[in-house]
Protein chains: 2
Amino acid sequence: MPTKTYHIGVEATMEIIGGKWKSIILCHLRHQTMRTGELARAIPQISQKMLTQQLRELEAANIVARHVYKQVPPKVEYALTDYGESLSGILHELCVWGEDNIDRREAAGEEITLLSRDDV
Amino acid sequence: MPTKTYHIGVEATMEIIGGKWKSIILCHLRHQTMRTGELARAIPQISQKMLTQQLRELEAANIVARHVYKQVPPKVEYALTDYGESLSGILHELCVWGEDNIDRREAAGEEITLLSRDDV
DNA sequence: TGCCCTACCCACCAAAAGGTAACTATTAGA
DNA sequence: TCTAATAGTTACCTTTTGGTGGGTAGGGCA
């Protein structure tokens, strides 16, 4: 297998939390363990396919853990792993910076809305 | 104009620093003002097109400032704006987390290389 | 029997992101 | 006159990412 090469640390980070959905999913899991359906409701714009796909990738990177209950109908919970928790501070800052960015753009006259803020 | 809607702060942040190149560019500009050619040499994998395109978008978001010297051959410098500096801490953490991630993966036996670490 | 529930998989398509290569402009200087 | 130097653009193509709509499993329950 050819050696994977990075030029700068941030490349690796973005490979893990980059893309349209991963950081959003992680921001939700940061506060609580959630079931698949809960995540889907918390992120209404995401499709089923993307949700599971992104969760699989986060699982492969050891950022989230998947816990399957042996029940019918199925029950599956997702939570940050201990390693995933090491992203918590960064995720929070990314949320807060974005909130401020939206505030600024709104103050500058842009038509823009933020539906919910990162409490905590 | 339809109102732009975000559900969570991190969405806005990722729209600005997301993608394959923006965070890398910003991590370089974090330490110093740089000319176009310097950036291209610091990020050898990027194409001319992507470099200017991403810099234009960062400029539009008021994250980087472009300074054109009236010379021939042209000289153009890019630097973080004051507002862009507000990302500096986050960028640093993204770099450091990525470095640690690479270390772990290497320790786990993965063939992986990091060419340069975020000093400072 | 037949339908509900939840998670999730697949085939197929559309859109966005990114890559390549060739081209421009302008002036100093050989 | 011709070339080097730097930043940038454009057309065209490939790859990646994301969306849609369908289908599966299997126990509970009317």
Side-chain angles (χ1 to χ4, degrees), chain A residues 2 4-8 10-12 14-26 28-29 32-61 64-79, chain B residues 2 4-8 10-26 28-29 33-61 64-79:
Chain A
K4 177 113 200 185
T5 299
Y6 296 96
H7 293 252
I8 189 172
V10 72
E11 264 183 280
M14 288 316 237
E15 218 171 81
I16 289 175
I17 67 166
K20 191 169 174 182
W21 302 113
K22 297 223 182 79
S23 59
I24 300 179
I25 293 171
L26 292 174
H28 285 285
L29 291 180
Q32 49 182 313
T33 291
M34 292 175 86
R35 295 185 58 176
T36 313
E38 288 183 285
L39 273 168
R41 262 167 277 136
I43 314 173
Q45 336 94 275
I46 202 174
S47 64
Q48 256 279 4
K49 172 186 152 186
M50 278 297 115
L51 181 57
T52 20
Q53 183 181 110
Q54 304 299 300
L55 284 167
R56 290 290 173 283
E57 291 177 17
L58 290 169
E59 203 190 346
V64 312
R66 180 169 180 260
H67 185 252
V68 182
Y69 292 82
K70 292 201 177 58
Q71 298 184 357
V72 168
K75 173 176 176 180
V76 179
E77 282 187 343
Y78 294 93
Chain B
K4 176 115 201 184
T5 299
Y6 296 96
H7 294 252
I8 190 173
V10 71
E11 264 183 281
T13 308
M14 287 317 237
E15 219 171 81
I16 290 176
I17 68 166
K20 191 167 173 182
W21 301 115
K22 298 223 182 79
S23 59
I24 299 179
I25 292 170
L26 292 175
H28 285 285
L29 291 180
T33 291
M34 292 174 85
R35 295 185 60 174
T36 312
E38 288 183 284
L39 273 169
R41 263 168 273 126
I43 314 173
Q45 336 93 276
I46 203 175
S47 65
Q48 256 278 7
K49 171 187 150 185
M50 279 297 115
L51 181 56
T52 23
Q53 184 180 108
Q54 304 299 299
L55 284 167
R56 290 290 174 284
E57 291 176 17
L58 289 169
E59 202 190 348
V64 311
R66 178 166 181 263
H67 185 253
V68 182
Y69 292 82
K70 293 203 177 58
Q71 300 182 357
V72 168
K75 173 176 176 180
V76 179
E77 281 185 343
Y78 294 93

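Below, read A as the first sequence line, B as the second, and so on, with proteins coming before strands; counting in each chain starts at 1. Since the model is a prediction, treat every value here as computed from it, not as a measurement.
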request  = If a pair satisfies side-chain hydrogen bond (donor to acceptor under 3.5 Å, both in side chains) and one of its residues is in residues 40-52 of chain B, list it, with sequence neighbours excluded.
outcome  = none
request  = Identify the heavy atoms of B:K22 and B:L58 that sit nearest to each other, and give their distance.
outcome  = CD-CD2, 3.5 Å
message = I need the CG-P distance between A:L55 and C:dC8, as an integer number of Å.
response = 8 Å
Please tabulate the protein-to-nucleotide N/O contacts below 3.5 Å involving nucleotides 3-6 of chain D, giving atom names and distances.
{"unit_1": "D:dT6", "atom_1": "O3'", "unit_2": "B:R35", "atom_2": "NH2", "d": "3.1"}
{"unit_1": "D:dT6", "atom_1": "O3'", "unit_2": "B:P74", "atom_2": "O", "d": "3.2"}

message = Regarding B:K4 and B:E15, does a basic nitrogen lie under 4.0 Å from an acidic carboxylate oxygen?
response = yes
query = Would you say A:E11 and B:I24 make side-chain contact, with heavy atoms under 4.5 Å?
reply = yes
ask   = How would you list, by chain and number, every residue that makes a side-chain contact (heavy atoms from CB on, under 4.5 Å) with A:A65, sequence neighbours excluded?
value = A:T81
inquiry  = Just the rounded figure in Å: distance from P of D:dG8 to OH of B:Y69.
reply    = 14 Å
key: Degree of bending, the helix from C:dT1-D:dA30 to C:dA30-D:dT1 (end axes from five pairs; round to 10°)   = 30°
query = side-chain contact (heavy atoms from CB on, under 4.5 Å) between B:H28 and B:I43: does it pass, once the steps are laid out?
reply = CA-CA 9 Å; B:H28 285 285; B:I43 314 173; 3.8 Å; yes
ask   = According to a strict under-4.0 Å criterion, is B:R66 in side-chain N/O contact with OP1 or OP2 of D:dA7?
value = no
key: Note, A:E57 side chain near A:I16 side chain (heavy atom, < 4.5 Å)   = no
request  = Take the protein atom CD of B:Q71 and the nucleotide atom P of C:dG29, then report the distance between them rounded to whole Å.
outcome  = 13 Å
Under-3.5 Å N/O pairs linking protein and nucleotides 14-21 of chain C:
{"unit_1": "C:dG18", "atom_1": "OP1", "unit_2": "B:K20", "atom_2": "N", "d": "2.9"}
{"unit_1": "C:dG19", "atom_1": "OP1", "unit_2": "B:K20", "atom_2": "NZ", "d": "3.2"}
{"unit_1": "C:dG19", "atom_1": "OP2", "unit_2": "B:W21", "atom_2": "NE1", "d": "3.3"}
{"unit_1": "C:dG19", "atom_1": "N7", "unit_2": "B:K49", "atom_2": "NZ", "d": "3.0"}
{"unit_1": "C:dG19", "atom_1": "O6", "unit_2": "B:K49", "atom_2": "NZ", "d": "2.1"}

query = Between D:dG8 and B:Y78, is there an OP1 or OP2 to side-chain N/O distance shorter than 4.0 Å?
reply = yes
inquiry  = If you define the side chain from C-beta out and look only at heavy atoms, does anything of B:L39 sit under 4.5 Å from B:L29?
reply    = yes
request  = Nearest whole angstrom, please: distance from the P of C:dA7 to the CE of A:M34.
outcome  = 11 Å
task = Mind calculating the distance between CG (B:L51) and P (D:dG8) to the nearest angstrom?
result = 8 Å
request  = Can you sort out the partners of A:E59 under salt bridge (Lys or Arg N to Asp or Glu O under 4.0 Å), two or more places apart, ordered by chain and number?
outcome  = none
Which pairs of donor and acceptor atoms, one on a side chain in residues 66-74 of chain A, lie under 3.5 Å apart (sequence neighbours left out)?
{"unit_1": "A:R66", "atom_1": "NE", "unit_2": "A:Y78", "atom_2": "OH", "d": "3.2"}
{"unit_1": "A:Y69", "atom_1": "OH", "unit_2": "A:E77", "atom_2": "OE1", "d": "3.0"}

task = Mind checking salt bridge (Lys or Arg N to Asp or Glu O under 4.0 Å) for A:K20 and listing every partner two or more places apart, or none if nothing turns up?
result = none
remark   = When rounded to whole Å, the NZ to P distance for the pair B:K70 and D:dA7 reads 16 Å
